[in-house]
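Okay, structure first, notes after.
Heads up: numbering here begins at 1 and tracks the sequence. Just so it is clear, the structure is predicted and the values come from calculations on it, not from any experiment.
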Amino acid sequence: MVSQKENKTTSVQQLIANSRNHKTKKIVEKAMPTLLFSAALISILTTFGIVFTLIFETFEFFKRVSITDFLFGTQWLPFSGKEPLFGILPLIAGTLKVTLISIIVAVPFGIASAIYLSEYASEKIRRTVKPILEVLAGVPTIVYGFFALTFVTPMLQQIIPGLKLFNALSPGIVVGIMILPMITSLSEDAMSSVPNSMREGALALGATKFEVAIKVVLPAALSGIVASVVLAISRAIGETMIVSLAGGSTPKFDLDVTDSIQTMTAYIVQVATGDAGYGTTIYYSIYSVGFTLFIFTLVMNLLAHYISKRFREVY
């Protein structure tokens, strides 16, 4: 009898506990969509806030400076005592010099590394080499900047005697090293997703392993590879510390990569850490340059998304 009473008491307690747990689960299930929606909404509102700030402050800049002079001017002299000049082309030229050099360095080595890891490396080597490459992505960019200034530039000066201390070549090479892991990792992932049946079919037809990699796997993974390159270009365009430390602060509208330059990001750093007063034209020029940089990176990201969708292979 005592045992039966204890069993009944236990079962009642279990029912109460189960009921409470059920109520808690219902509350959680109702609350989670709201919490997740709030998190997504915060991200969207933050993005709109950034864009709105850039646009608003940029319009304030164009009330003082002609948009034609800004877009087509070939001189950027905001600190000139006589007549400040705000032609964005020298900053764009400096940015594109560094970006082009970095892509020339990163794309061949990045894709070659991806082909090796995907098609030739053993599982043991892949597990060792890939994390080492990805460590490069975690190195602070200021370290890359000092590496460019104190190691790469002196080494290049031994080869190119006319190379200045601040130049476009050294930061371009180091930015290429910095974005190399991005291209390698994303390209290797794209190649690894190609079905083995395609490799086996090509090998059965008499193709060599190199021919399979170049003529079968590479075209099949083309969308992922191109998207990785475009994203790497966006990363190179937005790089700040390397070009600020090793590139200089002399905006020039030319093709010379051995002389001092200034990129859009380097100018923002220069003014943001300088003595530009709030509300001055120089102060608002930060936002106009930032908005131009935003347009560049937005176009590159949209292009990567388009390429990824347009040329994706369906298996």
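Note: T281 OG1 to K63 NZ = 12.5 Å, rounded to the nearest 0.5 Å. Atom CD1 of residue I160 and atom CD of residue Q158 lie 11.5 Å apart, to the nearest 0.5 angstrom. A distance of 8.0 Å separates OG1 in T150 from CZ in F146, rounded to the nearest 0.5 Å. Interatomic distance, Q75 CD to K252 NZ, rounded to the nearest 0.5 Å: 12.5 Å. Taking OG1 of T292 as the start and CD1 of I237 as the end, the distance is 12.0 Å to the nearest 0.5 Å. Here the straight-line distance linking atom CD1 of I286 with atom OH of Y284 works out to 11.0 Å at 0.5 Å rounding.
Listed here is the closest heavy atom pair of T258 and L163: CA-CD1, 3.5 Å. Between L169 and I101, the shortest heavy-atom contact is CA-CD1, 3.8 Å. Nearest heavy atom pair, residue V152 against residue V174, reads CG2-CG2, 3.7 Å. Nearest heavy-atom pair across G73 and L89 is O-CB, 3.4 Å. Across P90 and W76, no two heavy atoms sit closer than the pair CG-N, 3.9 Å. Taking each heavy atom of I103 and P108 in turn, the nearest pair found is O-CD, 3.8 Å.
For the pair S185 (side chain) and M182 (backbone), a donor-acceptor distance under 3.5 Å is absent. At distances below 3.5 Å, at least one donor-acceptor pair connects side-chain atoms of E239 with backbone N or O atoms of I242. Distance alone, capped at 3.5 Å, is enough to place a donor-acceptor pair between the S285 side chain and the I282 backbone. Side-chain atoms of S66 do not come within 3.5 Å of backbone N or O of F62 as any donor-acceptor pair. Between the S170 side chain and the F166 main chain, no donor and acceptor come within less than 3.5 Å of each other. Under the 3.5 Å distance criterion, the side-chain polar atoms of R199 are left unmatched by any main-chain donor or acceptor of K209. Of the possible polar contacts, none joining the S118 side chain to the I115 backbone as a donor-acceptor pair under 3.5 Å is found. Formation of a donor-acceptor pair under 3.5 Å by the S260 side chain with backbone atoms of N167 is not found in this model.
Residues Q157 and K164 have side chains not in contact (no heavy-atom distance under 4.5 Å, counting atoms from C-beta outward). Using a 4.5 Å heavy-atom threshold, the side chains of L218 and L222 count as separate. Side chains of F296 and I92 form a contact here, defined as non-hydrogen atoms less than 4.5 Å apart. In this structure the side chain of D256 never reaches within 4.5 angstrom of the side chain of I261, judged on heavy atoms. Taking 4.5 Å as the limit, every side-chain heavy atom of T240 sits out of range of all side-chain heavy atoms of T141. Side-chain contact check for F79 versus P84: every heavy-atom pair is 4.5 Å or farther apart. Using a 4.5 Å cut-off on side-chain heavy atoms (C-beta onward), V217 and M198 make no contact. With a 4.5 Å cut-off on side-chain heavy atoms, I125 and S122 count as touching.
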Item to complete: Give the intermediate values and the outcome of side chain to side chain contact (heavy atoms under 4.5 Å, CB included) for residues I225 and M191.
Response: CA-CA 8 Å; I225 294 170; M191 292 179 188; 3.5 Å; yes
Worksheet item: Are S228 and S187 close enough, and set up right, to give a side chain to side chain donor-acceptor pair (under 3.5 Å), and what steps lead you there?
Response: CA-CA 6 Å; S228 73; S187 297; 3.1 Å; yes
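Of the N and O atoms on the side chains of T263 and T95, not one donor lies less than 3.5 Å from an acceptor on the other residue. Checking E188 against S192 by side-chain atom types alone, a donor-acceptor pair falls below 3.5 Å. A donor and an acceptor atom, one from each side chain of Y267 and S249, are nowhere located under 3.5 Å apart. Under the 3.5 Å distance criterion, with hydrogens and angles disregarded, no donor-acceptor pair is assigned to the side chains of T297 and S234.
Judged as a salt bridge (Lys or Arg N to Asp or Glu O under 4.0 Å), and not counting sequence neighbours, D69 has no contacts. A search for ring-ring contact (aromatic ring centres under 6.0 Å, His included) contacts involving Y283 returns Y278, Y287, not counting sequence neighbours.
With hydrophobic clusters built from ILVMFWY side chains whose heavy atoms lie under 4.5 angstrom apart, L91 does not share a cluster with L85. Taken together through direct or relayed side-chain contacts under 4.5 Å among Ile, Leu, Val, Met, Phe, Trp and Tyr, L231 and L96 form parts of separate hydrophobic clusters. In the hydrophobic clustering of ILVMFWY residues, with side-chain heavy atoms under 4.5 Å counting as a link, F151 and L156 come out together. A single hydrophobic cluster is seen to contain both V98 and M155, as judged by linkage of ILVMFWY side chains at heavy-atom distances under 4.5 Å, directly or through other members. V269 and L293 fall into different hydrophobic clusters, where Ile, Leu, Val, Met, Phe, Trp and Tyr residues are linked whenever their side-chain heavy atoms come under 4.5 Å apart, directly or through other members.
A salt bridge does not link D259 with K97: every distance from a Lys NZ or Arg NE/NH1/NH2 to an Asp or Glu carboxylate oxygen is 4.0 Å or more.
Shown here is Y120, whose OH atom has more than 12 heavy atoms of other residues, nucleotides or ligands within 6.0 Å. Atom CG of L255 sits in a sparse spot, with 12 or fewer heavy atoms from other residues, nucleotides or ligands closer than 6.0 Å. The environment of F72 atom CZ is sparse: at most 12 non-hydrogen atoms of other residues, nucleotides or ligands sit within 6.0 angstrom.
Applying the side-chain hydrogen bond (donor to acceptor under 3.5 Å, both in side chains) test to pairs two or more places apart or on separate chains, none has a residue in residues 33-57.
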